[in-house]
Amino acid sequence: LRSNVSFDFESKTAYIVNLQTSDGLSSFVKQFVINITDSNDAPTAIAVSNLNIAENLSANTFIGKITSSDADPTNNNFTYSFVTGTGSTNNGSFSISNDSLYSNSIFDFETKNSYSIRLNTNDGNGGNYQQAFTVTILNTNDAPTAISLSSPSVNENQIIGTTVTTINTTDADAGQTFTYTLVSGSGS
């Protein structure tokens with residue numbers, strides 16, 4: 001007796017077959033139940049609840065929960081790890097704790113805005129599945145980093161309202177509009 005299909009315990013657990021034997025003159029028929037034995041099915045997919053993180057957040061910032069799809073609904077104890085392969089270029093920029101993905105760096109959108117990682121899920125019963133993901137860095141406002149003057153001097157005896165200098169700001173975010181205020185403090 002040979003199979004004509006690949007059996008799947010999760011779809012059907014038993015099949016009924018009728019077997020006939022014949023000696024050429026007479027025959028005998030008997031019904032049998034063929035039970036399908038469950039064996040471990042490997043996970044079939046990995047999902048991460050969130051794959052976005054804002055720039056400038058501290059290292060060890062929670063990004064998202066990791067889950068696995070598996071045909072076996074019970075008896076799985078999933079563990080997650082990074083693996084090398086296609087899409088594993090930036091694994092070192094992240095860490096995994098239990099079923100959670102964390103940042104391992106402080107990200108800067110202006111320097112790099114996406115990272116590729118490759119995850120493995122192990123179901124605890126010998127089944128593994130790997131999948132690549134892209135983590136996107138979200139742009140947030142960066143504070144200005146410097147103020148400069150076009151000229152640090154002005155001629156004496158100028159009328160009130162004379163332009164003294166042009167003020168310039170250094171900021172990682174392009175296209176910003178700046179306002180300026182005189183403030184009190186050391187040197188004011």
Side-chain angles (χ1 to χ4, degrees), residues 1-140:
L1 182 63
R2 295 178 183 259
S3 66
N4 279 340
V5 297
S6 178
F7 300 114
D8 180 21
F9 177 84
E10 285 73 28
S11 297
K12 190 171 181 178
T13 60
Y15 290 80
I16 298 172
V17 295
N18 291 317
L19 291 178
Q20 176 178 313
T21 183
S22 177
D23 63 6
L25 298 174
S26 60
S27 62
F28 175 79
V29 176
K30 183 172 181 179
Q31 189 175 77
F32 292 92
V33 175
I34 307 293
N35 293 306
I36 307 304
T37 305
D38 192 18
S39 61
N40 185 55
D41 292 296
T44 56
I46 302 172
V48 183
S49 64
N50 177 53
L51 287 166
N52 300 313
I53 182 171
E55 69 174 333
N56 303 321
L57 294 178
S58 64
N60 298 317
T61 296
F62 171 77
I63 298 171
K65 283 281 191 194
I66 308 168
T67 57
S68 296
S69 296
D70 193 311
D72 298 318
T74 58
N75 300 325
N76 288 315
N77 184 21
F78 297 106
T79 57
Y80 301 97
S81 60
F82 293 104
V83 290
T84 58
T86 304
S88 67
T89 309
N90 306 118
N91 285 356
S93 297
F94 301 88
S95 62
I96 296 172
S97 178
N98 297 319
D99 62 352
S100 297
L101 179 66
Y102 291 88
S103 65
N104 211 24
S105 304
I106 298 173
F107 301 110
D108 179 33
F109 175 86
E110 287 74 24
T111 303
K112 184 175 173 124
N113 59 20
S114 69
Y115 290 76
S116 89
I117 59 174
R118 187 172 185 86
L119 302 178
N120 181 73
T121 179
N122 180 306
D123 66 10
N125 296 306
N128 289 283
Y129 180 81
Q130 298 179 8
Q131 189 171 334
F133 295 91
T134 298
V135 178
T136 302
I137 309 306
L138 303 175
N139 193 17
T140 60

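Computed from a prediction, not measured in an experiment: that's the story for all the values here.
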Interatomic distance, [X] atom [atom1] to [Y] atom [atom2] [nearest 0.5 angstrom]:
| X | Y | atom1 | atom2 | value |
| --- | --- | --- | --- | --- |
| Phe78 | Thr67 | CZ | OG1 | 9.0 Å |
| Ile66 | Leu101 | CD1 | CG | 5.5 Å |
| Leu19 | Phe28 | CG | CZ | 10.5 Å |
| Asn128 | Ser81 | CG | OG | 8.0 Å |
| Asn139 | Asp108 | CG | CG | 8.5 Å |
| Asn113 | Tyr115 | CG | OH | 9.0 Å |

Any side-chain heavy atom of [X] within less than 4.5 Å of one from [Y]?
| X | Y | answer |
| --- | --- | --- |
| Val48 | Ile63 | no |
| Ile53 | Leu138 | no |
| Asn40 | Asn76 | yes |
| Thr140 | Phe109 | no |
| Arg118 | Thr89 | no |
| Asn120 | Phe82 | no |
| Gln31 | Ile16 | yes |

[X] versus [Y], closest heavy-atom pair with distance:
| X | Y | value |
| --- | --- | --- |
| Ile46 | Phe133 | O-CZ, 3.4 Å |
| Ala42 | Asp123 | CA-OD2, 4.1 Å |
| Phe94 | Ser103 | CD2-CA, 4.2 Å |
| Ala132 | Gly87 | CB-CA, 4.1 Å |

Whether the side chain of [X] engages the backbone of [Y] through a donor-acceptor N/O pair (distance < 3.5 Å, no angle test) should be reported.
| X | Y | answer |
| --- | --- | --- |
| Asn98 | Ser100 | no |
| Ser27 | Ser22 | no |
| Asn91 | Thr84 | no |
| Asn104 | Gly92 | yes |
| Thr121 | Tyr80 | no |
| Ser49 | Lys65 | yes |
| Asn90 | Ser116 | yes |

Assess whether side-chain hydrogen bond (donor to acceptor under 3.5 Å, both in side chains) is satisfied between Tyr129 and Ser69, documenting all intermediate values.
CA-CA 10 Å; Tyr129 180 81; Ser69 296; over 6 Å; no
Step by step, work out the side chain to side chain contact (heavy atoms under 4.5 Å, CB included) result for Phe7 and Val5.
CA-CA 6 Å; Phe7 300 114; Val5 297; 3.6 Å; yes
Run the side chain to side chain contact (heavy atoms under 4.5 Å, CB included) test on Asp72 and Asp38 for me, step by step, so that the C-alpha distance in whole Å, both residues' side-chain angles and the decisive distance to 0.1 Å come before the verdict.
CA-CA 9 Å; Asp72 298 318; Asp38 192 18; 3.9 Å; yes
Hey, mind stepping through Phe107 and Thr136 against side chain to side chain contact (heavy atoms under 4.5 Å, CB included) and telling me if it holds?
CA-CA 10 Å; Phe107 301 110; Thr136 302; over 6 Å; no
